Amino acid sequence: MDKYIELAELIFPDVKETIADLEKRYPARNLKEGAMVTRFAPSPTGFLHTGSLFTAFICQKFATQSNGVFYIRLEDTDQKREIKGAGEALLKELKAFNVYPTEGYLSDTLEEGIYGPYVQSKRADIYKVVIKELIKRGQAYPCFCSSEELASLREVQEATKVRTGYYKEYAKCRYLKPEEAMEKIKNGDSFVIRFKSNGDEKNKIAVFDEIRGHLELSENDQDIVIYKSDGLPTYHFAHLVDDHFMHTTHVIRGEEWLPSLPIHLQLFNTLGFEAPKYAHLPVIMKVENGNRRKLSKRKDDEAAVSFFLKQGYPTDGFLEYLLTIANSNYEEWRSENLDKSLYDFILTFSKMSLDGALFDLDKVKNICKELLSRLTKEEITDRALAWANVYDKELEEVILSDRNYFEAIMNIERGGEKPRKDYTKYDEILPAISFMYDKYYNEATRESFNERISNESAKEVLTKYLEVMDLTKDEVNWFNDLKSVGVICGYAENNKEYKKNKDAYKGHVGDVAEILRVAIAKRRQTPNLYHLLKILGKEKVKARILETISVL
RNA sequence: GGUCUGUUGGAGAAGUGGCUUAACUCACAUGCCUUUCACGCAUGCACUCACGGGUUCGAAUCCCGUACAGAUCACCA
């Protein structure tokens, strides 16, 4: 046994602390019964993935609804794949969706909380303490196999059809005597540290997943690498040490981790740490050529959260969508609690689906549209402005130039039981209403009338309408005026009458409205005409009608 | 290939042995309403719960097998 201690001292001569010291440094959290401590632990290798947002959001939700703690830890143990600035970028995108931690990594220079550091590369000393202890106990050992050796081992195993990997008799270095290992180390040979597994593949272990329930998995017998030659631990080991000392109660992560659960449980076990509860979330999928696959950042635009941010999907609408795929009873709850915030919904593991949902953009759109339609004019203006400030300077200018005017446009048929549902995202607003601004109106090209309307007839209608135009009237009376102008010019008062006797009329009142609409908007489809006229005001309407007459 | 997980309509799903002639939402289709659009309203869209067998008076729901799909098998997380 002293040989192991000697070995441990040789490898980590500077490590003086013990696990007990660490336990003291990171005492238990003083939380109420039932409070969940969750964490989101991204690696800074790119921008935020939709699936990661899903995970992070759910972690946060569980923590907040139980009055617990949600923290962020940066898992940057792979320096080769690390992208500079990615950590902060990730956090910024998370924040855009209102997902932010109460503890942990906040930026490259800022952290919150007493369980830090929250960046794994800064915790190297902590891992070393635990690894040193493992070596002392003979439960971990240095491995000197080169990647070439490992590759050829693999080839042999594949050729002989045995399970691949570094285990049992194939784990060459586990049989090295400590003296031999020390010799090699003194000799300057490069090495990693492997966990010495005492597991047997044939043994089944019972595990419990909060979402999937009781499962039976094979025991781990692989001597996995826990400490890389670059001096940093691997994920399997690092997350375990961190979740232990940070006192995570629930590890909520993607389904792809389920197969490695036995490794983690085994590690907890041999260290004598109590394992947290695990919940493995289904992965968001996409169909391609009839096959399902994970949303892929390379192939699918919607896999990057920035896709939705850029286009101005309301972020809470997007979260609501995520909630519908997380807990299917969310939709029902929402329709019964229209006035409540999505954060009032209580998320449960038991209602979580086991297989990954196909990402449904149509549904996202529907939810966002519904949400935007229920906002007040002030709210939608605030939101549009905030979005425009980052993503659309033109819109920002438009709103800022006259906020009241913009609000008036937003307010058309808003409010009440059945509001208009014009927009699903903020980038649709400006194109839809640009004609209300002279600058855009002047630049626009005029749409042609439908085939029933001749330019001559349109001119006549517009000229006659100018004579009777009175925007102070209420909508009904205003519309009656429009009707009578139509009648004078040979248009039926309503569609029914026109249909009854098409030959007697040029068209119907809808056509008359279209003439006016095209005159003031240059397009055939707009929100309610009466309101547009009122907002534009008498003078502007008059000017646009006159201009139209002149070019027809 | 091994291991694990899953399979109810185009999508998300409810359903845990009789209340299901399979809820609800989205999508789609048709019609109505309507000054355009957007709404709204109405109707339709799984003669059946991957398939095959079994248990039972009775099965989407329990058991077995098959098929299919996904995840995973790194000094990446």
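Order of the sequence lines fixes the chain letters, A, B, ..., with proteins taken first and strands second; residue numbering starts at 1 for each chain. Quick caveat, the model's predicted, so the values are computed rather than measured.
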Give [X] one of three labels, base, sugar-phosphate or nothing, depending on what nucleic acid heavy atoms sit under 4.0 Å from its own.
{"X": "A:Arg253", "answer": "nothing"}
{"X": "A:Val192", "answer": "base"}
{"X": "A:Thr526", "answer": "base"}
{"X": "A:Lys369", "answer": "sugar-phosphate"}
{"X": "A:Lys202", "answer": "nothing"}
{"X": "A:Glu514", "answer": "nothing"}
{"X": "A:Leu215", "answer": "sugar-phosphate"}
{"X": "A:Asn450", "answer": "nothing"}
{"X": "A:Glu201", "answer": "nothing"}
{"X": "A:Arg292", "answer": "sugar-phosphate"}
{"X": "A:Arg194", "answer": "sugar-phosphate"}
{"X": "A:Ser147", "answer": "nothing"}
{"X": "A:Thr77", "answer": "sugar-phosphate"}
{"X": "A:Phe359", "answer": "nothing"}

Whom does [N] pair with, Watson-Crick or G-U wobble, provided both distances fall under 3.5 Å?
{"N": "B:G31", "result": "B:C41"}
{"N": "B:G10", "result": "B:C26"}
{"N": "B:G65", "result": "B:C51"}
{"N": "B:G1", "result": "B:C73"}
{"N": "B:G18", "result": "B:C57"}

Provide the distance between the two [atom1] atoms, one in [N] and one in [M], to the nearest whole Å.
{"N": "B:U35", "M": "B:A29", "atom1": "C1'", "answer": "26 Å"}
{"N": "B:C47", "M": "B:A42", "atom1": "P", "answer": "25 Å"}
{"N": "B:G40", "M": "B:A50", "atom1": "C1'", "answer": "39 Å"}
{"N": "B:G58", "M": "B:G18", "atom1": "C1'", "answer": "7 Å"}
{"N": "B:U7", "M": "B:G44", "atom1": "C1'", "answer": "27 Å"}
{"N": "B:G15", "M": "B:C24", "atom1": "P", "answer": "15 Å"}
{"N": "B:C68", "M": "B:U30", "atom1": "P", "answer": "38 Å"}
{"N": "B:G70", "M": "B:G12", "atom1": "P", "answer": "14 Å"}

Exercise. Check the pair A:Thr45, A:Arg81 against side chain to side chain donor-acceptor pair (under 3.5 Å), reporting the backbone distance first and the verdict last.
Key: CA-CA 6 Å; A:Thr45 53; A:Arg81 287 202 312 153; 4.7 Å; no
Exercise. Using the side chain to side chain contact (heavy atoms under 4.5 Å, CB included) rule, pick out the option among A:Leu261, A:Asp243, A:Leu240 that qualifies with A:Val251.
Key: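 Of A:Leu261, A:Asp243, A:Leu240, side chain to side chain contact (heavy atoms under 4.5 Å, CB included) with A:Val251 is met by A:Asp243 alone.
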In whole angstrom, what separates [X]'s [atom1] from [N]'s [atom2]?
{"X": "A:Ile263", "N": "B:C4", "atom1": "CD1", "atom2": "P", "answer": "15 Å"}
{"X": "A:Glu475", "N": "B:U34", "atom1": "CD", "atom2": "C1'", "answer": "12 Å"}
{"X": "A:His531", "N": "B:C39", "atom1": "NE2", "atom2": "C1'", "answer": "13 Å"}
{"X": "A:Glu336", "N": "B:A14", "atom1": "CD", "atom2": "P", "answer": "16 Å"}
{"X": "A:Leu48", "N": "B:A77", "atom1": "CG", "atom2": "P", "answer": "19 Å"}

For residues [X] and [Y], establish whether the separation of their ring centroids is below 6.0 Å.
{"X": "A:Tyr141", "Y": "A:Phe191", "answer": "no"}
{"X": "A:Tyr491", "Y": "A:His508", "answer": "no"}
{"X": "A:Tyr313", "Y": "A:Phe318", "answer": "no"}

Self-check item: Interatomic distance, A:Ile367 atom CD1 to A:Asp362 atom CG [nearest 0.5 angstrom]
Solution: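 Between A:Ile367 CD1 and A:Asp362 CG, I get 11.0 Å after rounding to 0.5 Å.
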Quiz item: Is A:Ile453 close to A:Val518 at the side-chain level, that is, under 4.5 Å between some pair of heavy atoms?
Solution: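 Side chain of A:Val518 against side chain of A:Ile453, heavy atoms only: no contact under 4.5 Å found.
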Parallel, tilted or perpendicular: ring planes of [X] versus [Y], cut at 30 and 60 degrees:
{"X": "A:Phe359", "Y": "A:Tyr321", "answer": "perpendicular"}
{"X": "A:Trp257", "Y": "A:Tyr235", "answer": "parallel"}
{"X": "A:His236", "Y": "A:His264", "answer": "tilted"}

If I compare all heavy atoms of [X] with all of [Y], which pair ends up nearest, and what's the gap?
{"X": "A:Val541", "Y": "A:Met469", "result": "CG1-SD, 3.7 Å"}
{"X": "A:Arg194", "Y": "A:Asp223", "result": "NH1-O, 2.7 Å"}
{"X": "A:Thr77", "Y": "A:Leu232", "result": "O-CD1, 3.8 Å"}

Quiz prompt | Distance-only donor-acceptor test, A:Ser229 side-chain atoms vs B:C75 base atoms, 3.5 Å | solution =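 Under the 3.5 Å cut-off, the side chain and the base do form a donor-acceptor pair.
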Quiz prompt | Heavy-atom donor-acceptor pair, A:Arg420 side-chain to B:C37 base, under 3.5 Å | solution =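 It does, because a donor-acceptor pair links the side chain of A:Arg420 to the base of B:C37 below 3.5 Å.
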Could you list, one pair per line, each protein nitrogen or oxygen that sits under 3.5 Å from a nitrogen or oxygen of nucleotides 24-29 of chain B, together with the distance?
unit_1: B:U25; atom_1: O2'; unit_2: A:Glu331; atom_2: OE1; d: 2.6
unit_1: B:U25; atom_1: O2'; unit_2: A:Lys363; atom_2: NZ; d: 3.4
unit_1: B:U25; atom_1: O2; unit_2: A:Lys363; atom_2: NZ; d: 2.6
unit_1: B:C26; atom_1: O3'; unit_2: A:Asn366; atom_2: ND2; d: 3.3

Quiz item: Closest nucleotide of RNA chain B for A:His214 versus for A:Gly356: which of these residues is on the 5' side?
Solution: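 Looking at RNA chain B, the more 5' nearest nucleotide goes with A:His214.
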Quiz item: Want to settle it: does A:Ser218 or A:Tyr530 sit nearer the 5' end of RNA chain B, counting the closest nucleotide to each?
Solution: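 Of the two residues, A:Ser218 wins.
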Quiz item: Got a sec? Which of residues 78-87 of chain A come in under 4.0 Å of RNA chain B, heavy atoms?
Solution: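 Per residue number, the list reads A:Asp78, A:Lys80, A:Arg81.
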